[in-house]
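Data block below; observations after.
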Amino acid sequence: MTLTDSIKDVKNKINDACKRCGRGSDEVTLIAVTKTLPAELIKQAYQTGLRIFGESRPQEVRDKTPILPQNIEWHFIGPLQTNKIKYVLPVCRLIHSVDSLHLAKSISDFCERKYISANILLEVNTSSELSKIGVPPAEAREIFNKIRLLPNINILGLMTIAPFTDVEEDIRYSFRRLAKIKEELHSEMGRDQRLELSMGMSHDFEIAIEEGSTMIRIGTSIFGPRGR
Ligand SMILES: *Cc1c(COP(=O)(O)O)cnc(C)c1O
């Protein structure tokens, strides 16, 4: 399949999933995940019309973004150490992977020094696998509310990575846990701030859409296997 065909295929699947659950396809933002991919390939995807790309390694953000079109909207979706914040901000429009109050404070401090602000999501571990990053669901609301009080940070919603499994119920359960935390936050905060749910990857984005995802992060289904 060509790049154009695979993008069309993903978009069709998004539309179908939205239809199945009575949502508008404009409620779901597609983020094309380009970690490990060369700038040349990202440029090809850009030329098909994609504008939102996700990277998961700070050094790749540093190296690739200056040589690609300036109107790309970059999202950061990977593990972030505090000493790498400088590579990710202010290039990235949204950081999906803030997984501690400590990291949020460091981002806030960095932004204050640079007179900028950051948009972030709180990453929640909804799959309770020991290897997974993210705050425990039971602590998510408390940490979310503490981050809301930090200067120069806009916390816009939640993100999760479902367990890597073919057992659909396990994936669905993981997404439902995140959607439930969002509902609880909405009832605390009121609904004027529409919270984002970043959930769904190549192997599970249709389930994620059915469970209320507003941002899906797709690499393999667009670009093929990464090979590392
Ligand atoms: C790599 C990555 C993705 C994309 O995964 P695919 O299975 O290739 O679609 C999405 N989210 C995060 C956090 C990732 O690291």
Side-chain angles (χ1 to χ4, degrees), residues 1 3 5-14 17 28-39 41-42 44-45 48 50-62 64-65 72-81 84 87-88 91-100 103 107 119-129 131-135 140 156-168 170-172 174-175 177-178 196-228:
M1 235 196 302
L3 191 57
D5 288 340
S6 52
I7 292 169
K8 207 177 281 170
D9 186 57
V10 167
K11 287 187 170 167
N12 285 338
K13 286 179 173 154
I14 295 171
V28 180
T29 301
L30 169 62
I31 297 156
V33 175
T34 50
K35 65 184 178 209
T36 78
L37 301 178
L41 189 52
I42 303 173
Q44 284 174 29
T48 73
L50 291 183
R51 289 293 176 272
I52 307 177
F53 293 92
E55 282 286 341
S56 68
R57 297 172 187 179
Q59 289 89 342
E60 289 192 57
V61 173
R62 180 195 60 191
K64 287 192 279 193
T65 58
I72 287 179
E73 180 179 317
W74 292 101
H75 289 213
F76 190 78
I77 62 173
L80 183 57
Q81 292 171 313
K84 303 282 166 51
Y87 300 144
V88 170
V91 179
C92 293
R93 167 84 70 87
L94 181 63
I95 302 174
H96 293 231
S97 43
V98 174
D99 60 354
S100 69
L103 176 58
I107 293 171
N119 298 319
I120 68 158
L121 305 176
L122 180 63
E123 182 169 358
V124 181
N125 178 356
T126 55
S127 68
S128 59
E129 282 169 39
S131 61
K132 286 281 169 57
I133 38 177
V135 303
L156 302 182
L158 305 166
M159 180 272 222
T160 200
I161 301 172
F164 194 79
T165 169
D166 289 328
V167 183
E168 190 184 312
D170 291 352
I171 297 171
R172 208 175 276 284
S174 167
F175 292 149
R177 277 178 109 172
L178 198 71
E196 302 284 352
L197 280 183
S198 168
M199 56 188 202
M201 299 163 53
S202 289
H203 68 288
D204 57 19
F205 70 89
E206 292 161 282
I207 305 171
I209 290 171
E210 290 168 8
E211 298 302 334
S213 173
T214 64
M215 294 182 165
I216 56 174
R217 313 175 305 266
I218 309 293
T220 312
S221 292
I222 293 176
F223 298 104
R226 281 178 291 275
R228 68 175 157 110

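Along the sequence shown, the residues carry numbers beginning at 1. We use all heavy atoms of the structure for the numbers below, so side chains are in, but hydrogens, waters and symmetry mates are not. Order of listing sets the numbers, starting from 1, for every ligand and every atom in it.
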Is [X] in polar range of ligand 1, meaning some N or O pair under 3.5 Å apart?
X      : answer
Ser221 : no
Arg217 : yes
Ile77  : no

For [atom], grab the closest protein heavy atom and report residue, atom and distance to one decimal in Å.
atom                    : answer
atom 9 (O) of ligand 1  : Ser202 OG, 2.5 Å
atom 14 (C) of ligand 1 : Lys35 NZ, 3.0 Å
atom 5 (O) of ligand 1  : Met201 CE, 3.4 Å
atom 8 (O) of ligand 1  : Thr220 OG1, 2.5 Å

Hey, are Lys13 and Glu206 close enough for a salt bridge, meaning a charged N less than 4.0 Å from a carboxylate O?
-> no
Strictly under 4.0 Å, does any heavy atom of His96 approach an atom of ligand 1?
->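 No; His96 lies far enough from ligand 1 that no heavy-atom distance drops under 4.0 Å.
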Validation row, ring centre His203 to ring centre Phe164 under 6.0 Å | yes
Which of the numbered atoms in ligand 1 are below 4.0 angstrom from a heavy atom of Ile218?
->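 Near Ile218, the atoms of ligand 1 are 9 (O).
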side-chain hydrogen bond (donor to acceptor under 3.5 Å, both in side chains) between Ser97 and Glu123: does it pass, once the steps are laid out?
-> CA-CA 5 Å; Ser97 43; Glu123 182 169 358; 4.8 Å; no
What residues, two or more places apart in sequence or in another chain, satisfy salt bridge (charged side-chain N to carboxylate O under 4.0 Å, His left out) together with Arg51?
->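 Per chain and number, Arg51 pairs via salt bridge (charged side-chain N to carboxylate O under 4.0 Å, His left out) with no residue.
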Scan side-chain atoms only and decide if Glu55 and Thr34 contain a donor-acceptor pair under the 3.5 Å cut-off.
->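 Thr34 and Glu55 do have a side-chain donor-acceptor pair below 3.5 Å.
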Would you please say whether a donor-acceptor pair under 3.5 Å links the side chains of Ser127 and Ser174?
->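 Their side chains do not contain a donor-acceptor pair, so the 3.5 Å distance test is not met.
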Any chance CG of Asp166 has more than 12 other-residue heavy atoms, nucleotides or ligands included, within less than 6.0 Å?
->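 Result for CG/Asp166: open.
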